[in-house]
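Below is one structure, written out as structure tokens; comments come after it.
Naming convention: chains lettered A, B, ... in sequence-line order (proteins, then strands); numbering from 1 in each chain. Quick caveat, the model's predicted, so the values are computed rather than measured. All values below were derived from every heavy atom in this structure, side-chain atoms included, with hydrogens, water molecules and symmetry-related copies excluded.
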Protein chains: 2
Amino acid sequence: MTETRNGDEAEPRPAEARAKSFQAVREAHRNELAEDYVELIAELISQFGEARPVDIAARMGVTAPTVAKTLDRLAREGLVARAPYRSVFLTPEGAALAEACLRRHEIVVRFLVRLGLDPETAEKDAEGIEHHVSERTLELLRDFADQT
Amino acid sequence: MTETRNGDEAEPRPAEARAKSFQAVREAHRNELAEDYVELIAELISQFGEARPVDIAARMGVTAPTVAKTLDRLAREGLVARAPYRSVFLTPEGAALAEACLRRHEIVVRFLVRLGLDPETAEKDAEGIEHHVSERTLELLRDFADQT
DNA sequence: ATTACAAGTTAGCCATGTCTAACTTAATGC
DNA sequence: GCATTAAGTTAGACATGGCTAACTTGTAAT
Ligand SMILES: [Mn+2]
Ligand SMILES: [Mn+2]
Ligand SMILES: [Mn+2]
Ligand SMILES: [Mn+2]
């Protein structure tokens, strides 16, 4: 029958629009790790003057080889620069991405706290939510957070 | 040096707490596909009386073999029941998960719309956000959405 | 009853992201 | 300076989630 519906009932939501939503989520997930890494690397550099794989690993909650493999990928993508046994640097492109991600992250956290969430949970939820917030939504979150 | 800091500056955020946030995100992502599938299957069943792989594929925006493989995994996990060349059913466990996901999905969408987002973007963002919202956060979103 | 086509399955490829085990290099402390 | 130890790398395994190509099954129309 191939999803025949009688004509007068309201179309719940077109299949293609649905598909676009899921595709957007998958797209966000493809960028997610890169975003979290560059954001963290920027923070480590500003905090300690350098970003070492061991510190990245501790904060990401993964093992050193996982970090190594991911950093190789980010280097391939032009977001970080590295040399064997040295700490990691951001390319200009990576630094720009980090900056944008940091801003977005902070808006989401501020919003959640303003909503009434404790800061610890706000940080936790924000870490996932941030990657799925459209430009328009981010504006709305910022406006809400900035309310007097 | 291993991240030595002089003692009087405020600890920005402990590495282990950071790690827990990222681990929670990874955990959410492991459950995500199952949640989206059972939710969609429940919808298709209530709408058409059955959930066919071809309709799932159209709405998830993936190919038929991808759906087949995923459904096999969900069957292994006890969330769906299926027989070759037939449509898909939810186990009681799968139906319960679908119900919970549907409720959560609707709260997130209602919240975003109430914030001022257009319904289409609300659906798109909600599809990702829903998986990263803690119990406490969900309550806050519901309260906000329910405000007079 | 045949046939033609849509739906479903199977096999196999690939990238990602995690891990452990084993090895190499760099830094630190005598 | 040398030995010890911490950090980093490499190799290889495994699960996931996507794909295409090729095959099988079911069904609907003639
Ligand atoms: Mn994040
Ligand atoms: Mn996500
Ligand atoms: Mn979803
Ligand atoms: Mn959903």
Side-chain angles (χ1 to χ4, degrees), chain A residues 1-4 15 19-20 22-37 40-41 44 48-77 79-89 127-128 131, chain B residues 1-4 15 19-20 22-38 40-41 44 48 50-77 79-89 127-128 131:
Chain A
M1 105 209 11
T2 311
E3 52 171 304
T4 306
K20 277 210 200 109
F22 285 113
Q23 281 160 348
V25 173
R26 290 195 292 269
E27 167 78 11
H29 286 165
R30 273 196 299 279
N31 299 180
E32 174 158 352
L33 203 59
E35 293 177 355
D36 288 334
Y37 266 69
L40 175 55
I41 290 165
L44 289 170
F48 301 123
E50 62 176 349
R52 303 157 76 220
V54 66
D55 295 331
I56 296 171
R59 284 164 183 75
M60 292 298 301
V62 297
T63 61
T66 297
V67 170
K69 201 185 272 193
T70 302
L71 289 175
D72 284 345
R73 202 194 93 209
L74 298 185
R76 236 193 302 128
E77 291 171 5
L79 295 171
V80 310
R82 58 195 313 241
Y85 297 95
R86 319 306 294 263
S87 46
V88 184
F89 300 91
E127 200 56 77
H131 308 281
Chain B
M1 96 209 14
T2 312
E3 54 175 297
T4 305
K20 278 210 200 107
F22 285 114
Q23 281 160 349
V25 172
R26 291 195 292 270
E27 167 78 11
H29 286 165
R30 275 196 299 278
N31 298 260
E32 175 157 353
L33 203 59
E35 294 177 355
D36 288 334
Y37 266 70
V38 297
L40 176 55
I41 289 166
L44 289 170
F48 301 123
E50 62 176 349
R52 304 159 75 218
V54 66
D55 295 331
I56 297 171
R59 284 163 183 76
M60 293 297 302
V62 296
T63 61
T66 297
V67 170
K69 202 188 273 195
T70 302
L71 289 175
D72 283 345
R73 204 195 91 210
L74 299 184
R76 237 192 303 127
E77 291 172 3
L79 295 170
V80 310
R82 59 196 312 242
Y85 298 95
R86 319 307 292 264
S87 46
V88 185
F89 300 91
E127 201 55 79
H131 308 280

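Rounded to whole Å, atom P of D/dT27 lies 10 Å from atom CD of B/Glu50. As rounded to whole Å, 15 Å separates atom P of D/dT16 from atom CG of B/Leu71. Spacing between atom CZ of B/Arg76 and atom C1' of D/dA15 amounts to 9 Å, rounded to whole angstrom units. One can place OH of A/Tyr37 at 10 Å from C1' of C/dT18, the figure rounded to the nearest angstrom. Taking atom CE of A/Met60 as the reference point, atom P of C/dT16 lies 16 Å away to the nearest angstrom. One interatomic measurement links the two molecules: CG of B/Asp55 to P of C/dA7, which rounds to 8 Å at whole-angstrom precision. Protein atom NE2 of B/His29 is 15 Å distant from nucleotide atom C1' of C/dT18, rounded to whole Å. Per the geometry, CD belonging to A/Glu27 stands 13 Å off P belonging to C/dT16, to the nearest Å.
A/Arg30 meets the salt bridge (charged side-chain N to carboxylate O under 4.0 Å, His left out) test with A/Glu27; sequence neighbours excluded. Evaluation of the salt bridge (charged side-chain N to carboxylate O under 4.0 Å, His left out) rule for A/Glu32 yields no partner, not counting sequence neighbours. Partners of A/Arg86 according to the salt bridge (charged side-chain N to carboxylate O under 4.0 Å, His left out) rule, which considers only residues two or more places apart in sequence or in another chain, do not exist here. In this structure, B/Arg26 has no salt bridge (charged side-chain N to carboxylate O under 4.0 Å, His left out) partners at least two apart in sequence or on a different chain.
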Between the protein and nucleotides 1-4 of chain D, which nitrogen or oxygen pairs are less than 3.5 angstrom apart?
none

With the criterion being N/O to N/O and under 3.5 Å, what pairs connect the protein with nucleotides 19-25 of chain C, and how long is each?
{"residue": "C/dC19", "atom": "OP2", "partner": "A/Thr63", "partner atom": "N", "Å": "3.0"}
{"residue": "C/dC19", "atom": "OP2", "partner": "A/Thr63", "partner atom": "OG1", "Å": "3.0"}
{"residue": "C/dC19", "atom": "OP2", "partner": "A/Thr66", "partner atom": "OG1", "Å": "2.8"}
{"residue": "C/dT25", "atom": "O4'", "partner": "A/Tyr85", "partner atom": "OH", "Å": "3.4"}

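Judged by closest nucleotide on DNA chain D, A/Pro84 is the one of B/Arg30 and A/Pro84 placed further toward the 5' end.
The distance from the CD1 atom of A/Ile41 to the CG atom of A/Asp55 is 11.5 Å, given to the nearest 0.5 Å.
For B/Arg82, a side-chain nitrogen or oxygen approaches OP1 or OP2 of C/dT9 to under 4.0 Å.
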